Amino acid sequence: MSTEDRPPAPRSLAEALRARGDAALGALLRSRPDLITPVPTDLTQLATRAGTRASVVRALERLDRFALQTAEALAVAADPATYGELLGLMAGDDADPAVVTALPHAVDLLREQALVWGDDDRLRLVRTARELLAPSPQHPSPTGLGPTVQEATAGMSPGRIQEIVAATGLASTHDSVSAVTALAGLFTDRARMAALLADAPADSVEVLERLVWGPPYGQVTADPAPRLRWLLDRGLLLPTAPGTVVLPREVALHLRRGLAHRAPEPVPPVVETAAVHRPQVVDSAAAGQAYTALATVEELLKDWDEGGPAVLRAGGLSVRDLKRTAVALDVPEPAAAFWVELAYAAGLIASDGEADERYAATPAYDEWLEQPPAERWSRLVTAWLAATRTAGLVGGRDAKDRTLSALGPGLDRSAAPEVRHRVLALLAGLPEGAAPAAGPVLARLRWERPLRGDRREDDLRGRLAEWALSEAELLGVTGRGALSAQGRALLGAPAAPAPGPEAEPSGPGDKLPVHHHHRPAPLTALSPAEQAVASAAAARLLAPLLPEPLDHVLLQADLTAVAPGPLRRPLADMLGVLADVESKGGATVYRFTPGSVRRALDAGQAASDLHAFLAAHSRTPVPQPLAYLIDDVARRHGHLRVGAASAYVRCDDDAVLSEILADKRAAGLGLRRLAPTVLAAQADPAGLLEGLRAMGFAPAAESAEGDVLITRALAHRTPPRTAPEPVPDGPPVPDDTLLAAALRAIRAGDLASTTPRKPGTAPAGNGELPRTGAAETLATMQAAVLTGEALWIGYVNAEGAASQRVIAPIRVEGGFVTAYDHTADEVRTYPLHRITGVAELADDAG
């Protein structure tokens with residue numbers, strides 16, 4: 001294309017955006033959705049919003065390290081800079097081939113994000129980004145560069161500047177501006193600078209080498225040493241404040257051989273494979289962990305079935321209750337916090353809202369229990385993927401130095417879902433069965449989001465990634481550190497890349513280490529509908545791998561029962577009442593005790609029922625000691641009766657009551673004899689029951705009518721509750737429908753604001769709404785109906801918001817004008833009294 005045929009260079013970001021097609025504008029709005037919240041009226045407003053500090057900071061945070069380094073280089077380059085100048089800052093005098101290859105893509109990305117505009121011969125970083133990234137004493141640049149010669153000499157006396165010019169061998173000038181220009185020209189001339197530094201004392205060069213990569217500032221005394229005086233006399237160090245000197249940017253770039261960064265990183269770190277397992281081993285290990293996850297959540301909810309821990313006044317679990325939960329689940333406290341938060345995120349637990357507020361299972365938990373195991377797992381991991389509540393923060397401190405508690409406030413981190421998804425996507429890019437080391441994964445994430453990874457909350461993104469890896473293993477999304485088949489399906493990921501010859505495991509074990517130097521294709525987050533489909537597919541893959549529930553146990557002569565695998569729910573529930581869990585693992589061991597048997601009798605079971613239950617579900621004969629234990633406890637069960645007097649004890653055998661009275665352990669119950677077979681107590685009935693059971697008796701509660709009360713454990717449920725909503729990480733990415741509507745509105749608004757008017761009809765103030773009288777407005781509208789011309793109008797809606805629109809009037813009647821609105825791309829009706837004015841468009845407005 002010849003120079004005459006080239007379109008004129010844009011003079012502003014708005015003009016650069018105006019030259020974009022819909023596809024390029026759509027890419028900008030997708031990558032920076034905050035720009036259409038709300039939808040701008042035109043491209044000028046879009047450009048203004050793209051340059052606001054909050055929006056620019058958010059856009060910079062989402063750049064990868066090399067794109068950010070490119071922006072930082074532009075911030076220290078001339079404004080505007082040519083592509084060649086930028087390439088020199090990024091690739092250096094040696095023209096690093098990797099940088100040369102990667103730089104065009106980085107510049108295109110910055111242009112797409114509207115952080116850079118202009119052609120390659122006039123690249124401009126948006127002003128706000130330059131202010132954020134340019135070096136200053138208060139905010140040093142990651143480049144380690146200091147101010148330019150012009151900036152550093154701004155407050156220097158003209159005489160001192162001329163002295164420096166003379167010491168460097170330059171001709172004296174008549175003014176400071178030309179002197180500073182000549183000095184900067186010397187410092188940017190490689191040959192002349194090399195000659196100047198060739199005469200420098202060795203210890204002076206050593207000073208420059210200490211400052212060259214930053215920080216560029218140093219301290220000097222009122223009487224500098226000769227090595228410093230040599231540098232100060234020639235402007236190689238310039239004073240910025242009393243006792244402080246700085247290395248000018250041009251000098252540093254010469255010493256760096258043109259590099260703005262000490263170590264440009266054009267290529268992302270490789271996610272290396274630390275171990276390789278057979279895919280079947282990975283899937284089986286993940287399925288076993290998935291089953292353990294389901295059992296753990298069930299055990300947690302069963303422990304809270306009759307009402308869980310109290311809710312703290314500030315919200316959340318107390319430290320003591322979290323410790324108790326960890327002991328009950330036989331896991332460390334951080335793991336207990338994770339399981340509690342996971343159940344909460346899945347909507348299975350919530351606070352009951354009572355006056356004495358406690359945590360309890362929700363009605364959704366009962367529905368969840370009825371689902372097949374694979375579907376229950378799918379619900380848990382889907383909630384985990386989307387949750388912004390971060391269990392790893394439990395036990396830490398918030399900004400006000402308050403302890404963060406499980407289920408309490410302050411645990412939401414909006415970046416958590418993105419980090420989890422990205423970690424799993426990196427694993428999905430490895431061959432099947434390949435498990436990466438944590439270090440390379442964290443290094444890759446820091447490269448992809450350096451601002452979020454290095455400068456916020458002590459590397460929160462890195463900690464989120466570490467937690468994501470450990471939590472994925474706990475849930476069975478990964479097995480032995482490698483992504484399982486069900487985990488891959490959960491992401492909607494394609495089939496894993498085929499491993500290279502060096503990645504083939506020689507057997508069922510591991511093979512260390514293997515490196516995979518391919519770059520996985522990025523996986524985009526799924527919509528809710530797509531995630532539902534992916535979760536269902538993951539559940540189908542997991543279902544055949546889960547162990548089949550058993551309908552039997554093995555009774556032992558030592559009053560124990562061994563469950564060689566997971567039990568069917570009715571059997572597990574009944575056995576949980578009749579016996580205590582002694583140990584867990586591949587096989588669960590239950591122990592029968594007098595207390596556990598009494599618990600079953602209290603729940604309404606008769607001795608004959610217990611004998612029949614054990615005989616039906618044991619693959620071994622019922623041992624005689626267990627039969628004797630059941631009969632012995634049943635014989636004594638209900639022999640004593642406890643009721644309300646405050647409370648009383650009655651028994652047909654007065655000798656038993658005498659024994660109770662004589663027992664020192666009964667002193668706290670406040671017992672006294674009312675009759676040979678009746679004792680009254682000051683304790684309440686529940687306390688009396690517990691006290692007598694602690695003394696070795698087996699009393700039964702009775703009603704006011706004298707009937708034995710059957711004490712079944714009543715499940716406590718909260719009212720219907722919804723799961724906590726994740727806290728979004730900024731505005732959501734617009735879908736295709738919203739994006740198309742936003743583009744149409746912006747284009748039409750831009751047409752309204754930029755279309756030329758006929759001479760004499762445009763308003764006096766540039767950009768103001770047209771102002772005409774009611775009669776003139778009506779006459780212009782009626783004429784436009786006859787001629788079919790488009791008009792530019794000012795309009796104020798019912799809320800008082802003013803806007804400008806381009807319309808083609810169709811009909812004017814009854815105080816209303818019906819017109820095709822180019823701004824909204826539809827036919828609308830407007831009250832004439834809300835139209836502030838009208839202007840005719842120029843004949844060549846198209």
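Both backbone and side-chain heavy atoms feed into the values below; hydrogens, waters and symmetry mates do not. Just so we're clear, the structure is a prediction, and the values are computed from it rather than from any experiment.
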>> Counting C-beta onward and ignoring hydrogens, is there a side-chain heavy-atom pair between Pro135 and Pro140 closer than 4.5 Å?
In response: no

> For the residue pair His261 and Ala73, what are the closest heavy atoms and their distance?
Replying inline: CE1-N, 4.1 Å

> Which residues satisfy the side-chain contact (heavy atoms from CB on, under 4.5 Å) test with Pro224, sequence neighbours excluded?
Replying inline: Leu228, Arg229, Leu232

> Got a sec, which residues hit salt bridge (Lys or Arg N to Asp or Glu O under 4.0 Å) with Glu15, two or more places apart in sequence or on another chain?
Replying inline: Arg11

>> Could you tell me if the side chain of Leu427 sits less than 4.5 Å from the side chain of Leu469, heavy atoms only?
In response: yes

>> By the side chain to side chain donor-acceptor pair (under 3.5 Å) test, which pairs, at least two apart or in different chains, include something from residues 130-139?
In response: Arg127-Glu131

> So which heavy atom on Ala252 is nearest to which on Val212, and how close?
Replying inline: O-CG2, 3.8 Å

> Nearest heavy-atom pair of Pro40 and Ile746: which atoms, and what distance?
Replying inline: O-CG1, 3.6 Å

Show me the side-chain donor-acceptor pairs of residues 233-249 shorter than 3.5 Å, one per line, residues at least two apart or across chains.
from: Arg234; atom 1: NH1; to: Trp230; atom 2: O; distance (Å): 3.1
from: Arg249; atom 1: NE; to: Gly146; atom 2: O; distance (Å): 2.9
from: Arg249; atom 1: NH1; to: Val76; atom 2: O; distance (Å): 3.0
from: Arg249; atom 1: NH2; to: Gly146; atom 2: O; distance (Å): 3.3

>> Looking at Arg422 and Glu448, is any side-chain nitrogen of the basic one under 4.0 Å from a carboxylate oxygen of the acidic one?
In response: yes

> Which heavy-atom pair separates Leu259 from Arg256 by the least distance, and what is that distance?
Replying inline: O-CD, 3.1 Å

> With distance as the sole test, does Trp447 use its side chain to make a donor-acceptor pair with the main-chain N or O of Glu265 at under 3.5 Å?
Replying inline: yes

>> Distance check, rounded to the nearest 0.5 Å: Leu13 atom CG versus Thr48 atom OG1?
In response: 8.5 Å

> Counting N and O atoms only, with roles assigned by atom type, does the side chain of Asp119 sit under 3.5 Å from a partner on the main chain of Arg122, one being a donor and the other an acceptor?
Replying inline: no

>> Nearest 0.5 angstrom please: Leu125 CG to Glu72 CD, how far?
In response: 10.5 Å

> Is there a donor-acceptor contact under 3.5 Å linking the side chains of Thr153 and Arg160?
Replying inline: no

> Are any non-hydrogen side-chain atoms of Glu418 and Arg62 less than 4.5 angstrom apart?
Replying inline: yes

Which atom pairs, donor and acceptor, lie under 3.5 Å between side-chain atoms of residues 182-211 and protein residues at least two apart or in another chain?
from: Thr188; atom 1: OG1; to: Ala184; atom 2: O; distance (Å): 3.0
from: Thr188; atom 1: OG1; to: Gly185; atom 2: O; distance (Å): 3.2
from: Asp189; atom 1: OD1; to: Ala191; atom 2: N; distance (Å): 3.1
from: Asp189; atom 1: OD1; to: Arg192; atom 2: N; distance (Å): 3.3
from: Asp189; atom 1: OD2; to: Arg192; atom 2: NE; distance (Å): 3.3
from: Arg190; atom 1: NE; to: Asp93; atom 2: OD2; distance (Å): 3.0
from: Arg190; atom 1: NH2; to: Asp93; atom 2: OD1; distance (Å): 3.1
from: Arg192; atom 1: NH2; to: Gly185; atom 2: O; distance (Å): 3.4
from: Ser204; atom 1: OG; to: Arg227; atom 2: O; distance (Å): 2.8

>> Any side-chain to backbone donor/acceptor pair from Glu151 onto Thr148? Under 3.5 Å, distance only.
In response: yes

>> The test is side chain to side chain donor-acceptor pair (under 3.5 Å); show your working for Thr173 and Gln162 and say whether it passes.
In response: CA-CA 7 Å; Thr173 63; Gln162 294 296 338; 3.2 Å; yes

>> Could you work out, with side chain to side chain donor-acceptor pair (under 3.5 Å) as the rule, every residue matching Arg20, not counting sequence neighbours?
In response: none

> Do Thr128 and Thr52 touch side chain to side chain, with heavy atoms closer than 4.5 Å?
Replying inline: no

> Looking at side-chain heavy atoms only, is the closest gap between Leu60 and Leu63 below 4.5 Å?
Replying inline: yes

> Has the side chain of Gln150 got a donor or acceptor atom that lies under 3.5 Å from a matching backbone atom of Val180?
Replying inline: no

Please table the atom pairs, donor to acceptor, closer than 3.5 Å between any side-chain atom in residues 78-91 and protein atoms at least two apart or in another chain.
from: Asp79; atom 1: OD1; to: Arg124; atom 2: NH1; distance (Å): 3.4
from: Thr82; atom 1: OG1; to: Glu85; atom 2: N; distance (Å): 3.1
from: Glu85; atom 1: OE1; to: Thr82; atom 2: N; distance (Å): 3.0

>> Keeping Asp64 on the side-chain end and Phe66 on the backbone end, is there a donor-acceptor pair under 3.5 Å?
In response: yes

> So how far is it from Ser178 OG to Ile161 CD1, rounded to the nearest 0.5 Å?
Replying inline: 9.5 Å

>> When you measure from the side chain of Arg461 to the backbone of Ala415, do you find a donor-acceptor pair of N or O atoms at a distance under 3.5 Å?
In response: no

> Of all residues at least two apart in sequence or in a different chain, which pass the side chain to side chain donor-acceptor pair (under 3.5 Å) check with His254?
Replying inline: none

> Is there a donor-acceptor contact under 3.5 Å from the side chain of Asp94 to the main chain of Asp96?
Replying inline: no

>> With rounding to the nearest 0.5 angstrom, report the CH2 to CG distance, Trp117 to Leu110.
In response: 14.5 Å

> What residue pairs, at least two apart or across chains, pass salt bridge (Lys or Arg N to Asp or Glu O under 4.0 Å) with a residue in residues 137-147?
Replying inline: none

Could you pull out every donor-acceptor pair under 3.5 Å between side chains of residues 22-34 and any protein atom, sequence neighbours left out?
from: Asp22; atom 1: OD1; to: Arg747; atom 2: NE; distance (Å): 2.9
from: Asp22; atom 1: OD1; to: Arg747; atom 2: NH2; distance (Å): 3.0
from: Arg30; atom 1: NH1; to: Pro734; atom 2: O; distance (Å): 3.2
from: Arg30; atom 1: NH2; to: Asp736; atom 2: OD1; distance (Å): 2.2
from: Ser31; atom 1: OG; to: Ala27; atom 2: O; distance (Å): 3.1
from: Ser31; atom 1: OG; to: Leu28; atom 2: O; distance (Å): 3.0
from: Ser31; atom 1: OG; to: Gln113; atom 2: NE2; distance (Å): 3.3
from: Arg32; atom 1: NH1; to: Gln113; atom 2: O; distance (Å): 2.5
from: Arg32; atom 1: NH2; to: Ala50; atom 2: O; distance (Å): 2.9
from: Arg32; atom 1: NH2; to: Ser55; atom 2: OG; distance (Å): 2.7
from: Asp34; atom 1: OD2; to: Ser55; atom 2: OG; distance (Å): 2.7

> Can you name the residues that form a side chain to side chain donor-acceptor pair (under 3.5 Å) with Thr388, not counting sequence neighbours?
Replying inline: Asp412

> Shortest non-hydrogen contact from Gly462 to Leu442?
Replying inline: O-CD2, 3.6 Å

> Looking at residues at least two apart in the chain, or sitting in another chain, which of them share a side-chain contact (heavy atoms from CB on, under 4.5 Å) with Pro440?
Replying inline: Glu272, Ala437

>> Any non-hydrogen side-chain atom of Arg58 less than 4.5 Å from a side-chain atom of Asp729?
In response: yes

>> So which atom in Val126 and which in Ala114 form the shortest heavy-atom distance, rounded to 0.1 Å?
In response: CG1-O, 3.3 Å

>> Check this for me: does any side-chain nitrogen of one of Asp108 and Arg111 sit under 4.0 Å from a carboxylate oxygen of the other?
In response: yes

>> For Thr143 and Arg262: C-alpha separation, side-chain torsions, deciding distance, then whether side chain to side chain donor-acceptor pair (under 3.5 Å) applies.
In response: CA-CA 7 Å; Thr143 61; Arg262 188 168 198 166; over 6 Å; no

> Does any N or O in the side chain of Thr390 come within less than 3.5 Å of the main-chain N or O of Gly392, such that one atom is a donor and the other an acceptor?
Replying inline: no

